[in-house]
Engineer: 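I have a structure here, written as structure tokens, and I will follow up with some questions on it.
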There are 2 protein chains.
Amino acid sequence: MSVSIKDIAKISGVSTATVSRALSDPTRVSEKTRQAIMEVVEKHGYRVNSHARSLRRQRADAILALLPDLGNPFFSVILSGIELELQDHGMDLLVADSRATERTGRSVFNHLHASRVDGVICLDGTPTDAARAELAEPDVAERVVFACEWMADGDFPYVRSDNRGGGALAVDHLVGLGHCDIAFLRGPVDNILTEEREAGVREALAKHGLDLPDTRVGGHDFTLEAGFEAAEWIAGLSPRPTAVICTSDQIAIGLMSGLRERGLSVPDDVSVVGFDDIASAAYVTPSLTTIRQDRIGLGRAAAQVMLKRIGVGKAPEACVCTLPVSLMTRHSTAAPKA
Amino acid sequence: MSVSIKDIAKISGVSTATVSRALSDPTRVSEKTRQAIMEVVEKHGYRVNSHARSLRRQRADAILALLPDLGNPFFSVILSGIELELQDHGMDLLVADSRATERTGRSVFNHLHASRVDGVICLDGTPTDAARAELAEPDVAERVVFACEWMADGDFPYVRSDNRGGGALAVDHLVGLGHCDIAFLRGPVDNILTEEREAGVREALAKHGLDLPDTRVGGHDFTLEAGFEAAEWIAGLSPRPTAVICTSDQIAIGLMSGLRERGLSVPDDVSVVGFDDIASAAYVTPSLTTIRQDRIGLGRAAAQVMLKRIGVGKAPEACVCTLPVSLMTRHSTAAPKA
DNA sequence: CTGAAAGCGCTTACAG
DNA sequence: CTGAAAGCGCTTACAG
């Protein structure tokens, strides 16, 4: 059917070895032969068969991005950052949803075992027990990089945002505005991002001589729904906190929606700070003050660390990387009403 | 390094052929041998090398999803639908950003030519000239399915929403509310979705004895920014239309934000209808009336059509599929002020 | 600079 | 039910 290296060799009157060299390492072939071969290659639209090459080279030239939820739009920008970087190195990107995969009973690292990919960028910080067991195997471990999320007890290369710093930024901003009764909305239980951001919030609060009592901590997920539900709780608190720090923009947007439905105004009655700076944060009403994560940068860096880890490109160096975050001041925060 | 079928064969005391059969077609091996082999397989954690299998079988067991913009969150849910379906059939999912790929000078169908994937689900209805030329080649054409978007002049299997019907639904809703001066906000020039939705709007308008003059048509992109910018134009129109139909929720959300900044109220001054029903549509203020697309269904259907096309699973049957859309009535639309 | 040959790890007619 | 052997399409020491 499709033309192979053998055909090209025959037509060009050389061996397959020479064709292969002309394609992979042109300097090892005379200019004249190379040109003749390339002409034949062009004319017949020959492309190296990736499976044959991978089998022979023992290298897949592909990376798997493992997401906790492929449908979550938060990841799309990160994914595009990963792809941008991989493309520059001629590597392909496979994606899989770790939760959906577990449902099938297959291992999330199957791609690695089957040599389909050279490494996996794991964006899921809470793998199942089965996955954790596999992560303990050296031949899996040495091919994994964590991005965004990570395992508290693991020792893997990683790329992440400065989550603590982000929590602190939110606090400094609110305290600077005059707030001293601040609530905090968590993400899912055991999620490392939630824990880090909360730690950052507590540290910064302490620096200002404030604290975060248990009665001011709520939330259970990163979603719009969770934020919306939390509005009922916040609205019912007495005294009501004058500001809420949310661990995601989705929570914040859901929360603002819920507060409004209860007749509460943002920022007049309650200031709200998000986390992430997703695209719509600037366009909701009021526009959302939030902690910006550089998601493209996160994706690119994750791919870079991965490529280093598996020995593509530069020599292996720093295999961890924490990206700075920044405060985006918009209209969902204001000084508390006197 | 890693254990191969040869090792398993040796340890089990059978030929590699028998191991292969035990793994792929257990009925062709005696129960006893099979069990013995499986035990060895389990114990040594053997996995079939995917490149060797693909090379031999001439099948990649993988599909490429080609998106116009990997970073656009609209696609994430579709992608998860595709993955769900592929997973059920043991197929892997590769993703690539068509615009980013073109930037590198490589062909977007390279994966197909290199046999890395068995087919490509194309979500980009406006391929470059180079890509169109390749789509004309039979061996490419027979492995492509369009999803969501498509080429007006192509004849490919496809999966799409009922875009015309969606346009009509929006009109019927607004006219039912009493609107008779309706504006329309387009997406990018030449985008087929925009054209279809506009056609649906015009047809429905005509049915009600109304029309859509050029002076009531604006917009140039599906983005939040484009919607925000359009607010200036809408606000400046005299007389001002009492309702606006947007070709995406992003446009609608951007528009509402811009209108509010100009002191206009939605829906009191202007009713707004979106298209897509993205997750945040229900949580913006006011919540957005929109045309819902079943994105998970779109993704699943696209994968199903693809699998049929390349002969996996069921016999090939209907290779086109138009999914119904539905009106989600929320708070961004109301009767026009008298 | 070039070629002959081995081999990457599988699967599958073909025989028995 | 099982095995020996060919071959999928490459790449790469090894020789010359």
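What you see is a predicted model, and the numbers here were worked out from it, not measured in a lab. The sequence lines fix the lettering, A, B, ..., with proteins before strands; numbering per chain opens at 1.
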Engineer: Between B/Arg57 and B/Thr16, which has a closest nucleotide on DNA chain D that is more 5'?
Structural biologist: B/Thr16
Engineer: For a quick test of reading the model: is some side-chain N or O of A/Gln58 closer than 4.0 Å to OP1 or OP2 of D/dT11?
Structural biologist: no
Engineer: Please state whether the base of D/dG3 and the side chain of B/Arg21 form at least one donor-acceptor pair under 3.5 Å?
Structural biologist: yes
Engineer: May I ask you to evaluate whether B/Thr33 reaches the phosphate of D/dT2, defined as a side-chain N or O under 4.0 Å from OP1 or OP2?
Structural biologist: yes
Engineer: Taking pairing as Watson-Crick or G-U wobble with both contacts under 3.5 Å, can you name the mate of C/dG16, or confirm there isn't one?
Structural biologist: D/dC1
Engineer: Give a yes-or-no answer on whether the side chains of B/Asp92 and A/His111 include a donor-acceptor pair shorter than 3.5 Å.
Structural biologist: yes
Engineer: Going by distance alone, is a donor N or O of one side chain under 3.5 Å from an acceptor N or O of the other, for B/Ser15 and B/Thr18?
Structural biologist: yes
Engineer: Would you call A/Arg34 and A/Asp25 a salt bridge, using N to O less than 4.0 angstrom?
Structural biologist: no
Engineer: Does a side-chain N or O from A/Ser20 land closer than 4.0 Å to OP1 or OP2 of D/dT11, or not?
Structural biologist: yes
Engineer: So, is A/Ser15 close to the C/dT2 phosphate, meaning a side-chain N or O under 4.0 Å from OP1 or OP2?
Structural biologist: no
Engineer: Please confirm whether the shortest side-chain N or O distance from A/Ser30 to OP1 or OP2 of C/dT2 is below 4.0 Å.
Structural biologist: yes
Engineer: Atom CG of A/Asn49 to atom P of C/dC10: distance rounded to whole Å?
Structural biologist: 17 Å
Engineer: Does B/Glu39, at its CD atom, have more than 12 non-hydrogen atoms belonging to other residues, nucleotides or ligands within less than 6.0 Å?
Structural biologist: no
Engineer: Answer with yes or no whether B/Arg56 presents, from its side chain, a donor or acceptor under 3.5 Å of a partner atom in the base of D/dG9.
Structural biologist: no
Engineer: Is the distance from OP1 or OP2 of D/dT11 to the nearest side-chain N or O of A/Arg53 less than 4.0 Å?
Structural biologist: yes
Engineer: Would one find a side-chain N or O of B/Ser115 under 4.0 angstrom from OP1 or OP2 of D/dG9?
Structural biologist: no
Engineer: Reckon B/Ser4 has a side-chain N or O less than 4.0 Å from the OP1 or OP2 of C/dG9?
Structural biologist: no
Engineer: Figure out the CG/P separation between A/Asp25 and D/dC10, and round it to whole Å.
Structural biologist: 18 Å
Engineer: Tell me: CD1 of A/Ile5 to C1' of C/dG3, nearest whole Å?
Structural biologist: 13 Å
